[in-house]
Amino acid sequence: MGISEKAAYLKGLVEGSNLGFNESQQKVVDALLHLIQDMATAVTDIDSDVDTLFENVDDICDELDDIEEDLDCLFGEEP
């Protein structure tokens, strides 16, 4: 279960439980649940961005290796 699913589960758990909160307490709990969902979404987005960055860095490293081999061949050095 991912972080977004855990946040949704927690929200459902609180909403499905009769915890007996008064109106102001319920507002605080609702705000906290909303914050947790927003944070889960942000973390998921960051994870996706980091994965993309790692893929791009790997691609750049491969291209640099190819350039290095080409330069070595151009200047008569063995790869």
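- Gln26 and Asn22 share no side-chain donor-acceptor pair at under 3.5 Å.
- In this structure, Ile60 CD1 and Ile67 CD1 are separated by 10.5 Å, a value rounded to the nearest 0.5 Å.
- Rounded to the nearest 0.5 angstrom, Phe54 CZ and Asp59 CG are separated by 13.5 Å.
- Atom-to-atom distance recorded for Asp49:CG and Thr44:OG1 is 11.0 Å, nearest 0.5 angstrom.
- Here the CD1 atom belonging to Ile3 is positioned 9.5 Å from the CD1 atom belonging to Ile36, to the nearest 0.5 angstrom.
- Between the CE atom of Met39 and the OG1 atom of Thr41 there is a distance of 11.0 Å, given to the nearest 0.5 Å.
- In this structure, the separation between CG on Leu32 and CG on Leu10 is 9.5 Å, given to the nearest 0.5 Å.
- The backbone N or O of Ser48 lies less than 3.5 Å from a partner atom in the side chain of Thr52, making a donor-acceptor pair.
- Put simply, the side chain of Glu5 gets close to the backbone of Gly2: a donor and an acceptor are under 3.5 Å apart.
- The shortest side-chain heavy-atom distance between Leu74 and Asp70 does not fall under the 4.5 Å cut-off.
- Summarising the geometry of Gln37 relative to Ser4, their closest heavy-atom pair is OE1-O, 4.0 Å, with the distance given to 0.1 Å.
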